[in-house]
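Let me begin by presenting the structure, written as structure tokens, before commenting on it.
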Amino acid sequence: MDARLTTKIVSGKDGIRQAAGILRAGGICAIPTETVYGLAANCYDEKACANVFSAKGRPQDNPLIIHIADPEMLEDICMAVPEKARLLMKAFWPGPLSLVLPKSKRIPDTVSAGLSTVAVRMPDNEIARSVIREAQVPLAAPSANRSGRPSPTTAQHVLDDMGGRIPLILDGGACTVGVESTVVDMTKDTPVILRPGDISEEELRDVAGEVAVFQRGRLPEGAAPSPGMKYVHYSPKALVKVFSGSPAAIAKTIRSLYHTHKENGGRPVILCPAEEEARYAGLSSRTMGSGKRDAERAVFTELRRADTEGFDLVLFHYADTMGEAVRDRISRAAGCRVLKDIVITR
Ligand code: TXA
Ligand code: MG
């Protein structure tokens with residue numbers, strides 16, 4: 001890929017037209033979705049999809065999610081849509097839910113990384129759906145970060161990672177959800193959550209009945225049903241340490257590590273729930289807001305901000321109210337292999 005490419009940031013109706021033009025012509029560009037920014041290509045264009053992998057530096061065995069604007073687009077993508085998948089689509093589309101279904105022959109192996117299945121979702125973002133409609137094809141789009149980095153939730157984040165590597169970023173403002181979609185395998189009788197996201201296990205269960213969770217919070221060893229889950233992920237340059245358990249005990253540990261790190265010439269920052277901020281008065285800290293939606297919106301932004309503000313250690317005070325998706329992302333950012341209840345460190 002030409003590393004001297006000039007990356008344009010565009011917006012509005014004209015921006016949508018420019019993005020769709022690039023995609024129709026076999027190019028790639030970044031588009032907003034409600035979860036995170038995606039790096040899009042025509043999902044039927046093998047070469048364009050290969051360029052997505054190289055621009056991201058993404059391993060070839062990690063398949064892409066296909067984005068559609070209308071349920072009818074599914075027909076060319078999947079062989080069959082089971083009844084439970086239809087129920088979930090009706091309840092959660094458009095929205096942050098990706099369903100893994102048997103793929104049709106039209107989908108190149110590059111997109112599915114050689115699997116016989118494909119992940120599909122309909123984003124709840126008007127701009128994303130307009131681009132898909134104007135491009136007149138479904139779009140394969142992984143998160144628009146360099147592989148291994150925190151996912152991008154603003155056009156600036158995309159520029160920081162992909163500047164000079166892609167021709168265009170369509171700016172749709174800050175993502176409203178902030179973490180990637182829940183990925184659910186629909187190829188067996190019981191749906192299996194492969195990646196936690198904003199749509200929770202309970203919400204899925206209310207609609208589809210029994211739901212299983214793949215390796216609850218553990219990074220799989222060997223072959224993984226969702227290949228993306230085996231990689232250490234979402235890492236800023238700063239070292240990340242995550243703590244969960246009793247707030248008073250966590251705060252004591254975090255404060256002590258903070259001071260030691262500072263005395264040794266380091267630059268620590270604390271990320272914590274709004275409810276616990278008082279425990280860190282006088283120290284460099286930032287709030288993750290209150291509850292799940294706030295924490296999801298903040299997590300990648302705050303990890304990236306730690307880097308741009310020159311911090312080299314992130315001490316993350318986790319609370320159960322932040323939810324499974326944040327727990328998953330922040331633990332992976334910390335490079336942990338197994339989640340523990342007391343201290344999660346690298
Ligand atoms: O919210 C999202 O899902 C965002 C936005 C851009 O839509 N996209 C995203 O894509 O997060 P990406 O590539 O960063 O993550 C895709 C995840 C990976 O964990 C991948 O392994 C899994 O989905 N996946 C894709 N196709 C799959 C398949 N056929 N079977 C199992 N897992 C699959
Ligand atoms: Mg990603």
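Any value given below was found using the heavy atoms of this structure, including those in side chains, with hydrogens, waters and symmetry copies removed. When a ligand or atom number is given, it counts from 1 through the structure's own listing order. Please read all numbers here as calculations on a predicted model, not as lab measurements.
- Between the side chains of Arg279 and Ser285, no donor N or O sits under 3.5 Å from an acceptor N or O.
- Near Leu194, meaning under 4.0 Å from one of its heavy atoms, ligand 1 places the atoms 31 (C), 32 (N).
- Ligand 1 has a nitrogen or oxygen under 3.5 angstrom from a nitrogen or oxygen of Thr117.
- Of the inter-residue distances, the one linking Leu315 atom CG with Tyr258 atom OH reads 9.0 Å to the nearest 0.5 angstrom.
- At least one heavy atom of Arg58 sits under 4.0 Å from some atom of ligand 1.
- An N or O contact shorter than 3.5 Å links Asn62 to ligand 1 by distance.
- Ser98 contributes atom OG, which lies 12.0 Å from atom CG of Asp185 (distance to the nearest 0.5 angstrom).
- Residue contacts with ligand 1: Arg121 is placed with a nitrogen or oxygen under 3.5 Å of a nitrogen or oxygen of the ligand (distance criterion only).
- Of the candidates Cys175, Pro63, Pro59, it is Pro63 that places a heavy atom closest to atom 26 (N) of ligand 1.
- Under the salt bridge (charged side-chain N to carboxylate O under 4.0 Å, His left out) criterion, Asp45 pairs with no residue, sequence neighbours left out.
- One finds a salt bridge joining Glu180 and Arg329 here, because a Lys/Arg side-chain nitrogen approaches an Asp/Glu carboxylate oxygen to under 4.0 Å.
- Residue contacts with ligand 1 include His67, since one or more of its heavy atoms lies under 4.0 Å from the ligand.
- Heavy-atom separations between Ala141 and ligand 1 include at least one value shorter than 4.0 Å.
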Indicate every side-chain donor-acceptor pair of residues 10-23 with a distance under 3.5 Å to a residue at least two apart or in another chain.
| from | atom 1 | to | atom 2 | distance (Å) |
| --- | --- | --- | --- | --- |
| Asp14 | OD2 | Gln18 | NE2 | 3.0 |
| Gln18 | OE1 | Lys8 | NZ | 2.7 |

Ring pair (Phe, Tyr, Trp, His ring centres under 6.0 Å) between Tyr234 and Phe300, worked out: CA-CA 8 Å; Tyr234 314 117; Phe300 290 134; 5.3 Å; yes

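- For a threshold of 3.5 Å applied to N or O pairs, the pair formed by Thr35 and ligand 1 contains at least one separation below that value.
- Using a cutoff of 4.0 Å between basic side-chain nitrogens and carboxylate oxygens, Asp198 and Lys292 are scored as salt-bridged.
- Of all atoms in ligand 1, listed by their number and element, those nearer than 4.0 Å to a heavy atom of Leu115 are 28 (C), 29 (N), 30 (N).
- Near Ser181, with a cut-off below 4.0 Å to any heavy atom, the atoms of ligand 1 are 1 (O), 2 (C), 3 (O).
- Checked against Pro152 for a side-chain contact (heavy atoms from CB on, under 4.5 Å), the options Thr301, Ile169, Val158 give a single hit: Val158.
- Around the Mg ion (ligand 2), protein N, O or S atoms at a distance under 2.8 Å total 1; waters are neither shown nor counted.
- Using a 4.0 Å cut-off between charged nitrogen and carboxylate oxygen, Asp307 and Arg304 do not count as a salt-bridge pair.
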Exercise answer: donor-acceptor pairs, residues 83-97 side-chain atoms, under 3.5 Å, sequence neighbours excluded:
| from | atom 1 | to | atom 2 | distance (Å) |
| --- | --- | --- | --- | --- |
| Lys84 | NZ | Asp189 | O | 2.8 |
| Trp93 | NE1 | Leu97 | O | 2.9 |

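- Only the side chain of Arg195 comes within contact range of ligand 1, with a heavy atom under 4.0 Å; no backbone atom does.
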